[in-house]
Each structure stands twice: as C-alpha cells, then as structure tokens.
Trainee: 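Dropping the structure in here first, questions after.
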Amino acid sequence: MKTIFFAAAAGVLLAASAAAQAPKTTFKFDFGPGKTATGYQQVLPTAAYSATMGYGFDFGTTVTGVDRGGKDALKGDFVTSKQPFYFSVNLPEGNYNVTVTLGDAKGPSSTFLKAESRRLLLETTTTKPGQFTTQTFTLNVKSRRINDTETVSLKPRELRKLDWDDRLTLEFDGTNPCLAALEITPAPQAVTVFLAGNSTVVNQDDEPWAAWGQMLPRFLKPSVAVANHAESGLTLGSFLGSKRLAKVLSVMKPGDYLFIEFGHNDQKDKGENDGAWKAYTERLHLFVQEARKKGGIPVIVTSTSRRTFGADGRIENSLGDFPAAARKVAEEEKVALIDLNSMTAKLYEALGVEESKKALVHYPANTYPGQTAALADNTHFNPYGAYEIAKCVVEGIKANKLGLVKFLRNDTPAFDPAKPDALANWIWMDSPRSEVTKPDGN
C-alpha cells in the first residue's frame with residue numbers, strides 16, 4: 001500500500017511541476033491606472049518588458065496612463081503616447097487570436113496597428129469621444145526549432161528581427177492611440193498561410209523597406225494567420241538548405257496553404273544543373289509535392305516584375321524564363337497560380353516611368369561610398385508599393401477561388417493593377433526602426 005501511495009504522490013508532484021513549467025498562453029490585460037476589470041490583469045504605464053515578468057512595454061518606448069473613471073472598469077482607463085510604442089508578451093510558437101479594445105470615454109482616438117516585423121494589421125482607425133472599437137486578429141508566432149536536433153539556419157541580420165524572437169510584439173502607431181484592453185488566446189485550429197520567398201515577400205523589419213507578405217494580414221479575417229518564412233536573398237535552393245521548408249512542413253497541418261515565390265535570386269545560380277528549366281523547375285515540383293504530403297494547399301506565385309522600362313514605356317522582362325517555368329510547373333501540378341509577374345508589370349506601366357519610382361525604395365545621394373546622385377531601387381518596395389502588390393495577391397486568391405476567399409475582410413475592395421491607388425491617398429505610419437542598408441538579393 002505504501003508503494004502505491006508514494007507512486008501516486010510522485011505522479012501528482014510531476015504533474016504539478018509540468019503544469020508550473022508550461023508557458024502561459026492566455027492573457028487578459030486591462031491598461032491604465034484606473035479600476036481593474038474583473039478577470040483582467042492591470043498594466044500600468046511603468047510596466048517595462050522583462051523576461052521575468054513576460055510582458056510589458058518594449059524597446060524603450062513609453063506611454064502615459066489616463067483614468068476617465070466611470071462604471072466600466074475596462075473602458076474607463078487606457079494608455080497612450082504621442083510616439084509609436086511597443087507592447088510584447090512572451091509566447092511559445094503557435095497561432096493566437098489577439099483582440100484589442102481601442103478608444104477613449106471622453107476624447108477621440110486614432111490608431112494604426114502593426115505586429116512583429118511590421119506586419120500590417122489595422123490601417124488608421126478613429127473613434128469619437130465615448131466610442132470604442134474592438135478588433136481581433138489571428139497572428140502567428142514562430143520558432144527556429146524544428147525538432148530536438150534541427151533548427152532553421154538564420155542569417156546574422158535575422159537574429160535581431162522581431163519575427164524570430166521569443167515573444168509576440170504589437171506596435172501601436174497613430175496620432176492618438178488609446179489602448180484600453182488586450183486579450184490573447186491560442187488558436188490551434190486557425191488556417192495558416194505559409195509564405196516561402198525572398199526580399200519581395202519577407203516581413204521587412206526596417207523603414208523604408210517593405211514587401212507584400214507583411215501587408216497580407218491586413219486583408220484577412222480572424223481564423224487565418226500568415227506565417228512568413230521568406231527572407232531576403234533566398235533562392236529555392238537556399239530556402240531548402242537553411243531548413244526553412246523543413247520548418248514549414250514540421251508545423252503545417254491539413255488545409256494550410258504554402259505560397260511559393262522565387263526567381264529573382266535563382267537567376268544568379270550558374271551551376272551545371274541550375275537554370276529556370278532545371279534546378280528551379282525541379283525544386284518547385286518538390287515544394288508542391290512536399291506540401292501536398294502534409295495535406296497542405298500549394299500556390300505558385302510568379303516573381304514580381306522589376307521596374308525595367310523599355311523605350312516604348314512598357315516593362316521589359318528581366319527575369320528570363322523563370323516566370324514561364326513557374327507557370328508551367330503550376331500547370332503540370334494542377335495547382336493555383338498567382339501571376340504576380342504580369343500584374344506588377346501592369347501596375348508599373350499604369351503608374352508610369354516616373355511615378356512608379358514612388359512605389360520602390362530610393363537611396364538619397366551619398367547613401368553609399370562613391371554614390372553622388374539619388375538612386376532608385378528597381379526591385380525592392382516601400383510600404384506603398386508593397387501594399388499595392390499585396391492587393392494583387394488578394395486578386396489572385398479571388399481569381400483562383402481559393403478557400404481563403406471566405407476569410408477576406410469585408411472592407412477588402414476590388415483591385416485592378418492597371419488602376420493603382422493614388423499615392424496621395426496612401427497613409428502609412430512609420431515605425432521607429434529604420435535602416436539604409438539594402439536587403440540581400442536583387
């Protein structure tokens with residue numbers, strides 16, 4: 001009897017120890033110095049992030065607390081700042097539903113919201129005095145770990161990216177962001193859209209760079225998370241070699257998507273078996289087939305066009321046979337094709353030779369040694385260009401009648417790349433992080 005008793009007691013202790021060590025994944029935060037709503041945890045303006053506490057205002061940003069009083073403890077107080085501020089929460093890998101409550105009981109508010117490495121979630125959203133808005137997003141938190149022995153091989157520049165750290169970070173911008181509450185809950189059943197690609201797809205951490213992958217979340221309803229595994233300078237081969245496909249496959253579940261866009265950097269591979277119709281084609285087939293083995297839905301995306309105008313004012317193809325090869329693999333594998341190469345050529349032509357420069361990054365004179373004049377980057381987008389191209393991707397989702405169509409936000413307008421949005425109507429709130437160094441790749 002004693003043996004049975006001690007064994008049972010040991011089991012209880014082990015279970016309690018495991019429970020104590022399990023990371024917390026559900027949070028309910030009430031911001032501000034006023035009364036704390038029942039069931040919520042108060043967050044004061046002094047709550048700076050620390051690994052010990054596991055949450056807080058991050059990267060040296062500060063906020064002010066405001067208490068309006070009243071009967072509603074959750075909405076009676078909030079935090080705000082005249083400068084962008086970050087709030088981070090330590091979370092393990094997975095998808096999470098994140099709900100923010102924004103507004104001020106006695107004044108107006110204006111908020112622009114991003115997550116992690118500048119993923120766009122919410123464009124400028126205003127509330128009148130006494131008005132509140134509650135918005136929910138499904139966000140992906142990723143880890144380098146694949147299994148007990150393998151991890152993703154990151155580039156040195158990736159080690160400082162918010163996408164690859166140990167927490168979920170929200171960036172609050174706007175002329176008067178008023179954050180009243182934040183709730184986080186696991187969303188294991190959410191559909192995940194995995195992105196495999198290069199600098200035209202990646203979540204760019206720093207202004208003024210951007211890519212379409214970080215704009216895509218803005219157009220999706222809750223229950224869909226975008227997991228962007230793209231990185232600057234990658235080819236299909238280096239995506240494989242750095243174990244990024246292995247990582248995607250390790251967490252992919254049936255019904256998830258894999259969007260695949262490569263080509264710009266694959267052009268530089270000059271080995272005996274390289275080229276559009278050899279290694280590139282073979283690897284595209286591999287990506288499609290491996291995703292299908294996991295029950296995933298592969299989608300091939302042709303490379304974005306470079307801004308390469310000919311004398312006739314039309315875009316000239318600078319990507320060789322790579323777009324054609326991608327189209328052919330999609331046809332052979334009978335998978336959806338989003339022809340971003342064609343759509344971006346239309347977009348640039350519609351903007352024109354000069355105006356199209358405003359969709360891409362510019363290097364002011366003397367940015368680099370020996371550079372005496374301003375220089376236009378004909379490959380890498382600024383936020384405006386990335387946003388327009390994300391709209392092209394959304395149109396491709398619609399044209400292919402993917403299941404994702406039902407998850408497009410109700411305020412997603414129809415878009416024609418031949419009729420781009422006017423830059424004058426574009427509003428983007430810059431993030432505090434900026435960098436003049438060009439991303440890898442071309």
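It should be emphasised that the depicted structure is a prediction, and the values quoted were computed from it without experimental measurement. Residue numbers count from 1 along this sequence.
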Trainee: Tell me if the centroids of the rings in Phe87 and Phe29 come within less than 6.0 Å of each other.
Mentor: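 Yes - the distance between ring centres of Phe87 and Phe29 falls below the 6.0 Å cut-off.
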Trainee: Apply ring-ring contact (aromatic ring centres under 6.0 Å, His included) to Phe132 and list each qualifying residue two or more places apart in sequence or on a separate chain.
Mentor: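 Checked Phe132 against ring-ring contact (aromatic ring centres under 6.0 Å, His included); zero matches.
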Trainee: Is it the case that the side chains of Glu171 and Ser431 hold a donor-acceptor pair, with the cut-off being a distance below 3.5 Å and no angle test?
Mentor: yes
Trainee: Can you check whether Leu245 reaches Phe287 side chain to side chain, under 4.5 Å on heavy atoms?
Mentor: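 Leu245 vs Phe287: side chains touch.
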Trainee: Report the residues that fulfil ring-ring contact (aromatic ring centres under 6.0 Å, His included) with Phe259, sequence neighbours left out, ordered by chain and then residue number.
Mentor: none
Trainee: May I ask you to say whether Lys161 pairs ionically with Asp206, meaning some side-chain N is under 4.0 Å from a carboxylate O?
Mentor: no
Trainee: Decide if atom NZ of Lys155 counts as having more than 12 heavy atoms of other residues, nucleotides or ligands within a radius under 6.0 Å.
Mentor: yes
Trainee: Using a strict cut-off of less than 4.0 Å between a Lys/Arg side-chain nitrogen and an Asp/Glu carboxylate oxygen, indicate whether Asp58 and Arg167 qualify as a salt bridge.
Mentor: yes
Trainee: Less than 6.0 Å separating the ring centroids of Phe194 and Tyr257?
Mentor: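 No: the rings miss the under 6.0 Å criterion.
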Trainee: Will you find, in the side chains of Thr302 and Asn341, an N or O donor that is under 3.5 Å from an N or O acceptor?
Mentor: no
Trainee: Can you list everything that forms a salt bridge (Lys or Arg N to Asp or Glu O under 4.0 Å) with Lys398? Sequence neighbours excluded, please.
Mentor: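 Counting only residues at least two positions away or on another chain, Lys398 forms a salt bridge (Lys or Arg N to Asp or Glu O under 4.0 Å) with Glu395.
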Trainee: Quick one: list whatever passes side-chain hydrogen bond (donor to acceptor under 3.5 Å, both in side chains) with Thr136, sequence neighbours left out.
Mentor: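 Testing Thr136 for side-chain hydrogen bond (donor to acceptor under 3.5 Å, both in side chains), a comparison that skips the adjacent residues, returns Thr99.
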Trainee: Looking at Phe57 versus Tyr86, is the centre-to-centre ring distance below 6.0 Å?
Mentor: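 Judged by ring-centre distance (under 6.0 Å), Phe57 and Tyr86 do not meet the cut-off.
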Trainee: Would a 4.5 Å heavy-atom cut-off, applied to side chains only, mark Val43 and Asp30 as touching?
Mentor: no
Trainee: Side chains of Glu261 and Thr200: any donor to acceptor distance under 3.5 Å?
Mentor: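 Yes, Glu261 and Thr200 have a side-chain donor paired with an acceptor closer than 3.5 Å.
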Trainee: Are side-chain N/O atoms of Thr127 and Ser109 paired as donor and acceptor at under 3.5 Å?
Mentor: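 The answer is yes; a qualifying pair exists.
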Trainee: Could you point out which residue of Trp428, Phe85, Phe172 forms a ring-ring contact (aromatic ring centres under 6.0 Å, His included) with Phe112?
Mentor: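 For Phe112, the ring-ring contact (aromatic ring centres under 6.0 Å, His included) check succeeds only for Trp428.
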Trainee: Salt bridge between Arg283 and Asp266, side-chain N to carboxylate O under 4.0 Å?
Mentor: no
Trainee: Report yes if the side chains of Leu340 and Trp212 come closer than 4.5 Å at any heavy-atom pair, otherwise no.
Mentor: yes
Trainee: Can you list the residues that meet the salt bridge (Lys or Arg N to Asp or Glu O under 4.0 Å) rule with Asp339, with sequence neighbours excluded?
Mentor: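 Counting only residues at least two positions away or on another chain, Asp339 forms a salt bridge (Lys or Arg N to Asp or Glu O under 4.0 Å) with Arg327.
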Trainee: Quick check: closest heavy atoms across Thr281 and Ala276, and the distance to 0.1 Å?
Mentor: OG1-O, 2.6 Å
Trainee: Establish, from distance only, whether the side-chain atoms of Thr192 and Asn95 form a donor-acceptor pair under 3.5 Å.
Mentor: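 A donor-acceptor contact under 3.5 Å links the two side chains.
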Trainee: Under the side-chain hydrogen bond (donor to acceptor under 3.5 Å, both in side chains) rule, collect the residues that match up with Glu93, sequence neighbours excluded.
Mentor: Lys247
Trainee: Can you name the residues that form a ring-ring contact (aromatic ring centres under 6.0 Å, His included) with Tyr387, not counting sequence neighbours?
Mentor: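 Residues passing ring-ring contact (aromatic ring centres under 6.0 Å, His included) with Tyr387: Phe219, Trp426.
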Trainee: Before accepting this row, confirm whether a basic side-chain N of the pair Lys114/Asp430 lies closer than 4.0 Å to the acidic partner's carboxylate O.
Mentor: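 Not counted as a salt bridge, because no side-chain N and carboxylate O are separated by less than 4.0 Å.
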Trainee: Can you list the residues that meet the side-chain hydrogen bond (donor to acceptor under 3.5 Å, both in side chains) rule with Arg244, with sequence neighbours excluded?
Mentor: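 For Arg244 the side-chain hydrogen bond (donor to acceptor under 3.5 Å, both in side chains) partners, ignoring immediate neighbours, are Glu158, Ser242.
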Trainee: Is it the case that the side chains of Lys221 and Asn410 hold a donor-acceptor pair, with the cut-off being a distance below 3.5 Å and no angle test?
Mentor: yes
Trainee: Enter the distance from Leu234:CG to Ser199:OG here, rounded to the nearest 0.5 Å.
Mentor: 9.0 Å
Trainee: Taking atom types as modelled and ignoring hydrogens, do the side chains of Asn382 and Trp209 form a donor-acceptor contact shorter than 3.5 angstrom?
Mentor: no
Trainee: Using a strict cut-off of less than 4.0 Å between a Lys/Arg side-chain nitrogen and an Asp/Glu carboxylate oxygen, indicate whether Asp421 and Lys391 qualify as a salt bridge.
Mentor: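 Here Asp421 pairs with Lys391 in a salt bridge, since their nearest N and O are under 4.0 Å apart.
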Trainee: Does the ring center of Phe262 lie less than 6.0 Å from the ring center of Phe239?
Mentor: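 For Phe262 and Phe239, the ring centres are under 6.0 Å apart.
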Trainee: Can you confirm whether the side chains of Arg145 and Thr151 place a donor and an acceptor under 3.5 Å from each other?
Mentor: no
Trainee: Tell me, please, which residues at least two apart from Glu388 pass side-chain hydrogen bond (donor to acceptor under 3.5 Å, both in side chains).
Mentor: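 If we apply the side-chain hydrogen bond (donor to acceptor under 3.5 Å, both in side chains) test to Glu388, skipping adjacent residues, there are no hits.
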Trainee: Is a salt bridge present between Glu150 and Lys243, judged by a nitrogen-to-oxygen distance below 4.0 Å?
Mentor: yes
Trainee: The criterion is ring-ring contact (aromatic ring centres under 6.0 Å, His included); which residues satisfy it with Tyr348, sequence neighbours excluded?
Mentor: none
Trainee: Tell me, please, which residues at least two apart from Lys24 pass salt bridge (Lys or Arg N to Asp or Glu O under 4.0 Å).
Mentor: none
Trainee: Does Glu332 have any salt bridge (Lys or Arg N to Asp or Glu O under 4.0 Å) partners at least two apart in sequence or in another chain, and if so, which?
Mentor: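 Glu332 satisfies salt bridge (Lys or Arg N to Asp or Glu O under 4.0 Å) with Lys328 once adjacent residues are dropped.
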Trainee: Quiz question: by atom type and distance under 3.5 Å, do the side chains of Glu116 and Gln214 form a donor-acceptor pair?
Mentor: no
